[in-house]
Amino acid sequence: MGEEDYYLELCERPVQFEKANPVNCVFFDEANKQVFAVRSGGATGVVVKGPDDRNPISFRMDDKGEVKCIKFSLENKILAVQRTSKTVDFCNFIPDNSQLEYTQECKTKNANILGFCWTSSTEIVFITDQGIEFYQVLPEKRSLKLLKSHNLNVNWYMYCPESAVILLSTTVLENVLQPFHFRAGTMSKLPKFEIELPAAPKSTKPSLSERDIAMATIYGQLYVLFLRHHSRTSNSTGAEVVLYHLPREGACKKMHILKLNRTGKFALNVVDNLVVVHHQDTETSVIFDLKLRGEFDGSVTFHHPVLPARSIQPYQIPIAGKTGSAEESVLPFHHVAGFTMIFGSYLWNLQVKLEPIVNLLPDKGRLMDFLLQRKECKMVILSVCSQMLSESDRASLPVIATVFDKLNHEYKKYLDAEQSYAMAVEAGQSRSSPLLKRPVRTQAVLDQSDVYTHVLSAFVEKKEMPHKFVIAVLMEYIRSLNQFQIAVQHYLHELVIKTLVQHNLFYMLHQFLQYHVLSDSKPLACLLLSLESFYPPAHQLSLDMLKRLSTANDEIVEVLLSKHQVLAALRFIRGIGGHDNISARKFLDAAKQTEDNMLFYTIFRFFEQRNQRLRGSPNFTPGEHCEEHVAFFKQIFGDQALMRPTTF
Amino acid sequence: MAAAAAGAGSGAWAAQEKQFPPALLSFFIYNPRFGPREGEEENKILFYHPNEVEKNEKIRNVGLCEAIVQFTRTFSPSKPAKSLHTQKNRQFFNEPEENFWMVMVVRNPIIEKQSKDGKPIIEYQEEELLDKVYSSVLQQCYSMYKLFNGTFLKAMEDGGVKLLKERLEKFFHRYLQTLHLQSCDLLDIFGGISFFPLDKMTYLKIQSFINRMEESLNIVKYTAFLYNDQLIWSGLEQDDMRILYKYLTTSLFPRHIEPELAGRDSPIRAEMPGNLQHYGRFLTGPLNLNDPDAKCRFPKIFVNTDDTYEELHLIVYKAMSAAVCFMIDASNQPTLDFCRRLDSIVGPQLTVLASDICEQFNINKRMSGSEKEPQFKFIYFNHMNLAEKSTVHMRKTPSVSLTSVHPDLMKILGDINSDFTRVDEDEEIIVKAMSDYWVVGKKSDRRELYVILNQKNANLIEVNEEVKKLCATQFNNIFFLD
């Protein structure tokens, strides 16, 4: 298996911490993604490291007994430490606040604290075996205020920090789950739901294990993931992951089933909206994408792995002291928590590598659907586009069309969002309104300039490419843009023209212009003018285009004058009512150049009449610089031919 | 602006008058180099119609033409005589390839009057025929021959005079019967192409369709796409497309109209291979794809004869009103398998596309409000793209092209066109014709527009205004000088 084949990898810079041992306890906080190394109960130091923190936090605290749980509130404001089953200790990390510890005992009598979760920088939830208690911490007063509590029997709990939802396991079978949602001092109880347990042999009591449940936000929606193990009594071919959708309002609903087709021990991660399932026996992983089309049976959608199973790319840990020479290759598969992986004394983020996937997913349409949902997809998508247009991996036109359509679908969605935002702003809605958010441009938005710069401009330069294919691809892209009602940029049109001209396909060009496939613009009209010597009809095409633009009247006059069509130029400018503002000298110059005396006479007379009408005298003013032309006129037609001022 | 009054055609026909339209008297092709010596003159003649004419008369007629051309050449070496006017007929000369001459003799129209004593008096109308119209017809004869047979020279190279004579005989024997000299007019001069008006998106869909078909049927070299007998796309060069278009619209399509009009369930339709998935069928090539002995023979055409000289098979495939011409190199012989594949790939897609085009066309028509027939009768032609548009002509039928205006008016149009040809500059001619008719001709940057107006007591200024209005509505998106 080549290195190109691994599509899962560990981040480059893992968090390194001191290994757990009798004097050093290690804790992991999922909310802040921090690792706590507590030495000798804190007396000899606590070191806190996060994935992005260059500077670890280290401090000392008194050894008041074994630490059961330790977590910072959001933004590292307050530290909470649980040492007994009844109390939690707090310590402020806010400047100018007292750093003396203060303690909170759980309110319910005879209850044991199972754990606690911070829901904001100053709000904390205690989970006891008899219910939950929601407190506000008042750091200045060094005390806590109970906001709300709820009583019920709790087997175990689970917290999803991103959505601030706590899941409590109740009942004997542990399979009735009660979710609570926390937001700015309020606690709301969501409808409870039951996880269907697989049928088990009668001798063993079925129950829902905490290990088989996970919570994750996927594509903005909160799901409860249940790993349903293979049961010998059912017909299923292997274990499954069942996803229950937990909406903000309304009941929880079973929505998706991920078919693992394997049995054994599994671990789950959610990375970049993908569900990653690790299989311990084979040390391989598979990924699932809920947005890819699955099989819908009327209520639930069944999904299969997007790609064949692969291991995570082995990570080389440099051993300190022996630079480079001895490296230990590890397969980090001992513990999977949230979307980080812990092995030994390292903490990694799991990452999806997109490049290898390009070759593992032959269906380009599906590949695009997959890539467009990924965070870091832009360069990979562009390389897929380049690849499908390359000589060796050339895709068929229908496939190319599908890829362009998928790109432009995303592009159009973004353009529409931008437009409605701009309109809302214009309509005077306040920028601070929560409903009015500037749309985020994700990497999946690939505009015309991206495709032009990274794909098409290089593609048309390839000499070995048959020009028929080049033109077909360009037209396919333009078709796709038009289909999504996206205005095509002129540089794409220029690319088409350049290619057609290079292969002397002027008649094709003519037909495209005839049907207005290449949109009118001044640059395009000028380009056409420059083609006239190779293809005479380009002149007519250019003039038509300038006329349709209706903002290019000066250009039309220039074009006609350069062709010595002085009379036509004059008639045109008169037709649009601009003849009072034109330079007489320019027209007389052009008329003189034709060496057609009668034409010169006509033009000269026209301007004499204009002078008469505008100023009451046929004479030219010095500012018009027509002395030379007056002299020329006199020389040919005589003084008496000059128009006489009419007096009324 | 020039205005002239022509008192053309007073149109009072007495009941006893009989009219005879112009008719083809003879048509021959010769090469003076093939029989330069006395006694060998017969060798010069490559084709002669009517064949029944006695040998010596053939030789005499050819000799006369030769003499006229030679004689006039002394006055104008670069432009020898194009036509010869006589009382009874007109002769048209054309030298399409060096030393190969084609001659067409057309009898002038005749009016037969009854004299007082009851004897018929025959009156030849010497000035009725327009040189340009019939010269164009003669040129078209050559172009059509060349399209299906290649050049004269090529036939000589391939099989000498014998082969050339055979090809000429085979082609012109049938072709001359389809010349309808009585209904030739301005449109024959233009030899234009009518383009199907279409919105950008549908046009791009058609482009996409053509590119995909050329990719899947990889032996296709060129493609042309037509809808409603109007061109939408041509992969061929303009001149080749011009004559192919003429063949398709005046010969091939009209021959296939009847089964289409018959509808799906009629007995005529039933004879064609029934296909439930799509409406596609071959207009050239195999009639029934299910017949294992079906012949896959397609007409051969010759294009780009000036440089690359390509020989192609012409496959015409049609679904509803959409027709596609696939042209494949003659070195590839299309098999029945290929035809079946083509049918299965192109048929369904073309059927969908054809209904898309139809739908889109109706939407556009409704939006632009051009459903009503324009009240103007006009003919437009652009020399640059050969685009032609006529509201004067009715639908073309295989036999005649019907016009909705009086032949005298058509003749005025032809006269104006002749005037336009003489000068390069843009100009405008307004003619007052008989019975309140006005004919206006405009020429601007290689475009020509002819308008026929009928307004009671209209004056020159009003007519001019009307034409301006027409230009503003019909031609506002092109640069057309007022």
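Numbered from 1 within each chain, the chains take letters A, B, ... in sequence-line order.
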At a 4.5 Å cut-off on heavy atoms, which part of [X] comes close to chain B: side chain, backbone, both, or neither?
X	value
A/S519	side chain
A/F469	side chain
A/S396	both
A/H510	side chain

- Item | Polar contact flag, side-chain donor to acceptor under 3.5 angstrom, A/Q540-B/N382 | yes
- For each of A/L541, A/L543, A/I556, tally heavy-atom pairs with chain B at distances under 4.5 Å, and name the one with the top tally.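 Result: the option with the highest number of such pairs is A/L543.
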- Among A/Q514, A/R548, A/H516, single out the residue with the greatest number of heavy-atom pairs under 4.5 Å to chain B. A/Q514
Less than 4.5 Å apart, side chain to side chain, heavy atoms only: is that true for [X] and [Y]?
X	Y	result
A/R571	B/D426	no
B/Q207	A/R479	no
B/Y203	A/Q511	yes

- Message: Heavy-atom cut-off 4.5 Å, strictly under: side chain, backbone, both or neither for B/I232 against chain A?
- Response: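 Its backbone and side chain both get close to chain A.
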- Item | Under 4.5 Å from any heavy atom of chain A - which part of B/S216 |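 Answer is neither: B/S216 stays 4.5 Å or more from chain A.
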- Starting at CE of B/M384, measure out to OH of A/Y535 and round the result to the nearest 0.5 Å. 7.5 Å
- Message: Measuring from atom CG of B/L204 to atom OH of A/Y477, what distance do you get when rounded to the nearest 0.5 angstrom?
- Response: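 Answer for the CG-OH pair, B/L204 versus A/Y477, is 14.0 Å.
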Taking all atoms of both residues into account, what is the closest heavy-atom pair of [X] and [Y], and its distance?
X	Y	result
A/F512	B/W233	CE2-CZ3, 3.7 Å
A/K547	B/I478	NZ-O, 2.9 Å
B/R212	A/A401	NH2-CB, 3.1 Å
A/K468	B/V220	NZ-O, 3.5 Å
B/I193	A/Y507	CD1-OH, 4.3 Å

- Message: Run A/E476 and B/N211 through side chain to side chain donor-acceptor pair (under 3.5 Å) and show every step you take.
- Response: CA-CA 9 Å; A/E476 205 56 66; B/N211 290 332; 5.3 Å; no
- Is the CD atom of A/E391 crowded by more than 12 outside heavy atoms at less than 6.0 Å?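 Atom CD in A/E391 is crowded, with more than 12 foreign heavy atoms closer than 6.0 Å.
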- NZ of A/K462: more than 12 outside heavy atoms within 6.0 angstrom?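 Yes, NZ of A/K462 has more than 12 neighbouring heavy atoms, counting only those of other groups under 6.0 Å.
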- Item | Most contacts with chain A, counted as non-hydrogen pairs under 4.5 angstrom, among B/S234, B/S208, B/A387 | B/S234
- Check for a donor-acceptor pair, side chain of B/K200 on one end and backbone N or O of A/V517 on the other, with a separation under 3.5 Å.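 Judged by distance alone, no pair lies under 3.5 Å.
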- Any donor and acceptor pair, going by atom type alone, linking the side chain of B/E215 with main-chain N or O of A/L397 inside 3.5 Å?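 The answer is yes, because a donor-acceptor pair under 3.5 Å joins these two groups.
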- Taking 4.0 angstrom as the limit, do A/D544 and B/R447 come out as a salt bridge? yes
